[in-house]
Structure formats: structure tokens, C-alpha cells
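Report on the following structure.
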Amino acid sequence: MPLAAYKTTQNNGADMAPLLFADLPDQRRVSHLPVTNGRRRRRYTPDQDAPLPSEAISTPQGGSGKSRDRFDEGTDPGTFPILHSRQHQHQPDHGGRMMNNSDASGMLQAVCSTFPLPAMQMQAEQAAQHLVGKAEQGSFFELIETPEAKSAAAEDDAVATLIPTPENISPPEPPQAHGTRFFAPDISSLPETFGQALAAIAPRYNNATKQFAGLKSDAQCAAKCLLTSHNKAEPDDLPCAPVKLRPLLEAFYPARIRMSEKRWANIRSSLANILREVGWMKERQRHQLMPEWDTALEPLQVKAHKGAMTRFAGYCSARNILPQKVNEETIDSFLEYIEEYSLTTNLSGFRSCTRQAWNRLCALGPAGQFTPLEKRAGYNRVGVTRDELPAAFVSDVETYLARCANPGPLDFKFGNGLARETLRKREGNIYIAARYLIDRGWQRDEIDSLSKIMKTDLIILMMEEHFKRHSPDGKAWPPSAAPMASHLFTIAKQLGNVTDKDLSLINDVTKRLRRRRNVFPEKTRERLAAFDDIKVLKSLFALPKIWWKRAQKFLREGQLARAFTWAKRAIALDILLTKPLRISELASIDFAQDLRRDRKHRIIGLCVPGHKTKTGLPIEAELRKDTVDMIQTYLSEHSKIFAQRTETFLFPGKEQGHVAPHSFGATLKTSILNDLGVVVNPHLVRALIATIIFDEDADGDTVAQHMLGHLDITTTRSHYGMQRGRAAQRQYSAIISQVLKRGGK
DNA sequence: CTCCAAATACATTCACACTC
DNA sequence: GAGTGTGAATGTATTTGGAG
């Protein structure tokens, strides 16, 4: 019922959206421009680059016009028995089609774009010229692989195509790929599914060796694990192409089906082996590097640092890219290659590591030898940056924010001073608002004072822009609209830009933006549903002990840092499950001050003072003996770490202070996900505990309120505890059976 | 190479004081 | 006691760089 109400409200907002802005002057309305600003934009942008649901992202098309590199570092012929021992690979996109002159020049473009790097581009141009020349002579059909030719090729492995590779261009003499051959599998001839792949390699195993049986059963298992939507998924349903397979791999957590990490690692490895055998991936082998790369890597002494560079160096060697020529484009094309021909997950992390490793290499050599890559900070900024706007505006904003932070005692319009997070949010909104105006046709120079842009009609314009960008479906307002409008209108009111007439308009607008309150968020509801399975609940409560054991194991092995990490997590989760603190409160526990002790100085509980909590209420909790033991062992086992600190935080940060709540929360979430396969962020634990209480006792409000530390019980009722009515149902059953008994038989 | 933690920029939700 | 206004968190995604 509440959900329905929420939806209705959203729809109201939707119906109103166009009307709301109908009266606005439209001289500033220009068509919406995407934020480019030289950077990628992402997330919920309803128009141009609309968000893709994760399920939809999975299939970049091979021939979709996006140029991809089809080359690999070293591969020796014979590596791909199925694929062909053909000497030269070819461009699959043009296979089997007759070509005319315009096709030939189109091909020139296509070929050029397939060779994005300068050195390669020259070769590509030469190759393409060569092709066009042939085409003009009328003999171009020789160049193309027709379907018939293709099947012939399958039979006759020795068929060489004339699609250019650096090796068959002559003259002039192209630089030779260093001791390697390019890896350029013809995607169209590769098996599409693991079913096909198994069939293809079966003859080599005489269909029945143990090894083959292992591969087959692993592929079957993988299909069942990865394709949960199918009832009976078979290897035939599992795609081979890494670009299609990767999203499936990334979405799967072995813990979710109680499978061990190790078993899953073995299955993944079998999948990779199959892909290697049929030619989707190249054999794992050390390839020869160009001498220039060998020299370049020499200064890297740390094994891991070298390791981070070898794949990249191999890739560059195979394409004749000297270390001196490495730039952003090289990294991009390398990543595209990795995406297409490897099962590496977390590509963005891989990209970061490659960039970092390269920059580390640059820093080691003589200055100027290689070019380090620039930072990509601000990659996801929506708002304008300060330096894009007039200095007068920036200083105006700073003055305003300073006043918000520290208003004078009589500055009633500005209240008591805003908290840090609020200030940050407000600043962010101001710069986003400025961005929206620029997109509506304002010149940057025009934005020279805060009060100039914080006017009712302009704010409404900004909100319209916000709607355009962030509405999930073009109809409903996004949740971010209300806080944003609130900030902007508050600024306008504070700067004295608001007339009485405006005020009623503002009230009207904000009223419509506001979503239905007191609704249990759908996401939370979904995540809590996982705990309907009592096994999941039990395993969550068992997790701290498992992590603690892990920590002890690392300790025994002498891996102190890892031991510390897992001990930290074990204790944090244990405390969280005992007393559901907010993450910032948890992260900032001070073992000298916030742990209550008895006369013998033994820890007996937790006591966080009010000034540290969101509500200002102090938090008190008893700790179980297990927890206390853990904490005491933890403090003594890692006493070296604590001895180095001046502060006494239970969870110290990297350098100083306590761990950052953001990172701590994210880490806990990821760790739980890896070990249980369930999404649990620290705040969800609060909802979980309240829900458990409500499930057991329909009148559990007060208990839940105390557990969560709410001042106001309506908060407890509205935001926590799904109140699924199970307890009430049970109590009703008991009551009704009592009543019915009363009448006798 | 991989994992971890921190920084940053939004995105979303929680929460209290106040009002009627 | 429910609804409102606005403040103050936490959540999520992406990057960086250090450690193992």
C-alpha cells in the first residue's frame, strides 16, 4: 500500500512536470547539451547517453563500427589448431561480401580506424591504398573472403588472405612485429558458445579422456551458475566471447550458492582453458619483448611492479610501439584488447593499475625519457569546476559558505551554522546549478555573482534541466530533486531574492517535488528479503568469527597487515551486529575513551558520547564476552601498530585518525558480499535488526528504538523495520484459536 | 597483478525540530 | 500525532597510489 502511494506521488510529479515550467520565459532555453568538458559523463542521463541497466551492457558488437584492435602480443603459429594455422588473419567485418570502389575507400577508412596509433596508421594507410589500387584494377574480389572461400579456408588451412597485416605490405618496409605474429582471431569463425567450443575440441581428446570430462563438467557447472534465469542452462547457452561472458562472471558470487572460492577459481580456469584451445584467447606464454621494452623494464626491481607491466609491454612490443610512444591512446587500445580477448574482470581497476604502473616506470628512468600519463581527476564531475567560472563568482560562493558555516550570533537567517557534509552538498549544488545555466545558453562570464543566479525563475529553469538529466523515465522526478530544490531555494531566500509571490510559487514547486515520506525504500526491502532464509541470517552472524579465524591464520603466517585488516573487520561487524551503530560512530570508536570498563579495567561495554553521534544521544551498549576477548586480543596482538599512534582509535586509518567511514563501509560491504553473496551495507544492519525485532514482536517499537538510538519513535517506525506483520499474524492466530476454543466443541 | 584504503562527486535516505 | 522543512548523514561509483 505505501509503495502504491509513493508511485502515485511520482506520477503526479510526472504529469505536472511540463506544466510546472510552462510559464517560464524561454529566451534561455536552448537545446540540451551534454556535458562533455573533455570528460566522460555517466549515470542517469535520460537523453543522449541514457543509462544502461547492467544486464543490457553486456554485448558490444564486433562489427558495430567501433574500431577495435585485433592484435595481440606474441602468438606463434600453431597455437590455434582450430582457428587455423593460416599464416595471416584478416578483418572479419568485410568477409563474404562483394566490394565496389566506394566499399574500397570505405575500407580505407575502416582499416585506418582499426590502426589507431600513428605508426600503425601509416601502415594501415599504405595497406588500404594497396587495396584500393587492387580494387581499381578490378581484381579486388580476390581480396575478399566469400562464404565459399571461407568454407574452403576452413578445409584448407594454408589459405592466406590478403587483408593487410604489417607483414604483407611491401614496399616500403614496415617495421616488423618483434619476434611475434599478431593475434587476430576471426571472430566470425570462432565458436559462439561453450557447447560449440567443447564439440570443436572433443576430437582432440578422443571425446573421452578424463581431462576432457573435467572441462565439460566445469563448463556445465559454469552455465548453471552464471545463467540463473535459465531453468536448465547448458554450455550451449553460455557465450564464449569475453565481452559477453565478463558481465556474467562479474555478477556471480560463488558464496551465494555456497560454493567455495577455490572451486569457482577452478571452474573459471577451465573456462579460460577452453577459450584458449579454440582460439578466443591466446596461449599463456611468455612472449619476447622488443629490446627497447626490455631495457625500459629493467629499473623495475620489485617483482610485482614488473608483473604489472609485462602484459602491457608484450602488447606494445607486438605492435611495434616503443616505450617512448606510449600515450593515452595506447592505454585505451590496450584496454580494448583486454576487454575483447581476456577474462579480466574489473576493467576500470585494471586500467588504473596499468596507468599507475606506467607512471611508476616513468618516474624511475631519467626525466623526460618516457611520458607519464596525466591524472584523470574530476572524471565524473557534473558541475563546473571553480576555474571555469569568473573569480568573482568563486569568491562570492566562498564568502557565502563561510557565512553558512559560522553565522554571527544575530544572523538568524543563517541559523546555527551548517555541518560539514551539508556545506559540501550545498557547494556542490551551486556548481551544478551553474553548469545547468551554461547548458541553457548562459556565457560563463555572465555568472559573476551568486545572488544573480539564485532567483526563483532561474532555479525553476535549473530544476527543469535537472529533471531532464536525472528523471529515471522522463516522467517521474528523481529523488535528488527535492534536496536540490531545497538547497537552491534556501540560498535564494537567504540572499533576499525572494518576493512573497515567489514564495508561494516555491512552496508549490517543492511540495510537488517531495516524494511520499515514511515509505520503506524498495532497495532495502529487496536486500532484507535475502534474510528470509534463516541460513543466510545465521551465516551473517557467524561471519565475524570466520573473519577472526582468517585474521589469526594470517597472523600465524606472519602476514601482519592482512591479519590486522581482517581482525578489524571481524570486530567491526561483531560490534555492528551487537549494537547497530551508524558507520561514522563505528569508525570513530576510541578504545581509550569509548569502551566502558570495570574496576579491574576489563572491557564491559561501549559508551559513545553524544557529541560523536548524529542525534546527540550518547550510545550505550553491553558487549558480549566473545567480542571483548576479541578486542583485547586485537589490541595486544597489534600493539605495535597502536604504539605508533598518538590517537587511540580502535580502527586506525592509513596515516592518522580513524578509518574513513566511507571506505570502511564500502570495505565491509564488499567483504560480506564476497563471503556470503549478499549485499549488506552497514546501514542495512540497522534495518535488519529492527525488522527482526518487529518480526518477533509486533509491539517491538520501543526495543527497536533503543537499539537504533532514535530520539523520536516515529523515525523507528517509518524508516526501519519492515513491519511485515508476521508477528501480528502469529499473535492473531494465537488469539483466534483461544477465542474459538472458548465456545467448546 | 591484486587488494586495500582514501579522496572525490554525486545520489539517496535518515532524522529531528517545528507546526498545527 | 501526523505532516513539513531542512539539515545531516550514509550509499555508490570511480579514481589514485601504496602494500603484499
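A note on names: the letters A, B, ... follow the listed sequences, proteins ahead of strands, and every chain is numbered from 1. Computed from a predicted structure; not experimentally measured.
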May I ask you to say what Lys493(A) touches in the nucleic acid, namely base, sugar-phosphate or nothing, with a heavy-atom cut-off under 4.0 Å?
sugar-phosphate
Counting heavy atoms from C-beta on, name the nucleotide in dT2(B), dA9(C), dT12(C) closest to the side chain of Ala419(A).
dA9(C)
For His305(A), side-chain contact (heavy atoms from CB on, under 4.5 Å) partners two or more places apart:
Leu300(A), Val302(A), Arg360(A)
Is the distance from OP1 or OP2 of dT6(C) to the nearest side-chain N or O of Lys425(A) less than 4.0 Å?
no
Between Asn674(A) and Ser671(A), do the side chains contain an N or O donor and an N or O acceptor separated by less than 3.5 Å?
no
Closest to the side chain of Thr565(A), out of dA8(C), dC4(B), dT12(C), is dC4(B)
Would you sort out whether Thr715(A) and His710(A) count as a side-chain hydrogen bond (donor to acceptor under 3.5 Å, both in side chains), showing the intermediate values?
CA-CA 7 Å; Thr715(A) 306; His710(A) 287 149; 5.3 Å; no
When the axes are fitted on five pairs at both termini, how much does the helix from dC1(B)-dG20(C) to dC20(B)-dG1(C) curve, in 10° steps?
40°
To the nearest Å, give me how far apart CD (Gln356(A)) and P (dC1(B)) are.
14 Å
For Leu343(A), all residues meeting side-chain contact (heavy atoms from CB on, under 4.5 Å), sequence neighbours excluded
Pro242(A), Leu245(A), Leu249(A), Arg268(A), Ala272(A), Leu275(A), Met281(A)
Nucleic acid contacts of residues 659-682 of chain A, taken as heavy-atom distances under 4.0 Å to DNA chain C:
His662(A), Lys669(A), Asn681(A), Pro682(A)
Against the side chain of Arg311(A), the closest entry in dC3(B), dC1(B), dG7(C) is dC1(B)
Base, sugar-phosphate alone, or nothing: which one does Gln559(A) contact when heavy atoms must sit under 4.0 Å apart?
sugar-phosphate
Gly307(A) near the nucleic acid: base, sugar-phosphate alone, or nothing, with a heavy-atom cut-off under 4.0 Å?
sugar-phosphate
Between Asn359(A) and Gln494(A), the residue closer to the 5' end of DNA chain C by nearest nucleotide is Gln494(A)
Answer with base, sugar-phosphate or nothing: what part of the nucleic acid does Ser352(A) contact at a heavy-atom distance below 4.0 Å?
base
Phe564(A) vs Tyr634(A), test: ring-ring contact (aromatic ring centres under 6.0 Å, His included). Steps then yes/no.
CA-CA 8 Å; Phe564(A) 186 59; Tyr634(A) 163 81; 5.6 Å; yes
Closer than 4.0 Å, any side-chain N/O of Arg355(A) to the OP1 or OP2 of dC1(B)?
no
Taking only N and O in the side chain of Arg582(A), is any of them less than 4.0 Å away from OP1 or OP2 of dA8(C)?
no
Atom CZ of Arg562(A) to atom C1' of dA5(B): distance rounded to whole Å?
15 Å
Heavy-atom nearest nucleotide on DNA chain C taken for Thr490(A) and for Lys523(A); more 5' hit belongs to Thr490(A)
5' priority, DNA chain B, between Gly428(A) and Leu708(A) [closest heavy atom]
Gly428(A)
Does dT10(C) have OP1 or OP2 under 4.0 Å away from a side-chain N or O of Ser584(A)?
yes
If you assign each of Pro478(A) and Ala357(A) to its closest nucleotide in DNA chain B, which residue comes earlier from the 5' end?
Ala357(A)
Residue-phosphate contact under 4.0 Å: Arg686(A) side-chain N/O, dT13(B) OP1/OP2:
no
Write down the distance between CE (Met309(A)) and C1' (dC1(B)), rounded to a whole number of angstrom.
11 Å
Taking only side-chain nitrogens and oxygens of Thr715(A), does any of them come within less than 4.0 Å of OP1 or OP2 of dC16(B)?
yes
Under 4.0 Å, heavy atoms only, any strand: does Gly349(A) hit a base, just the sugar-phosphate, or nothing?
nothing
In whole angstroms, the gap separating P of dG17(C) from CG of Leu373(A) amounts to 11 Å
Please report, rounded to the nearest Å, how far the P atom of dC10(B) is from the CZ atom of Arg426(A).
17 Å
Side chain to side chain donor-acceptor pair (under 3.5 Å), paired with Tyr436(A), selected from His466(A), Glu465(A), Glu464(A)
His466(A)
Name the closest nucleotide to the Leu418(A) side chain, picking from dT13(B), dG7(C), dC10(B).
dG7(C)
Could you check which of dG20(C), dG11(C), dT2(B) has an atom nearest any side-chain atom of Arg527(A)?
dG11(C)
Review item, side-chain donor-acceptor pairs of residues 650-661 of chain A, under 3.5 Å, at least two apart:
none

Does any pair with a residue in residues 560-570 of chain A pass salt bridge (charged side-chain N to carboxylate O under 4.0 Å, His left out), and if so which ones, sequence neighbours excluded?
none
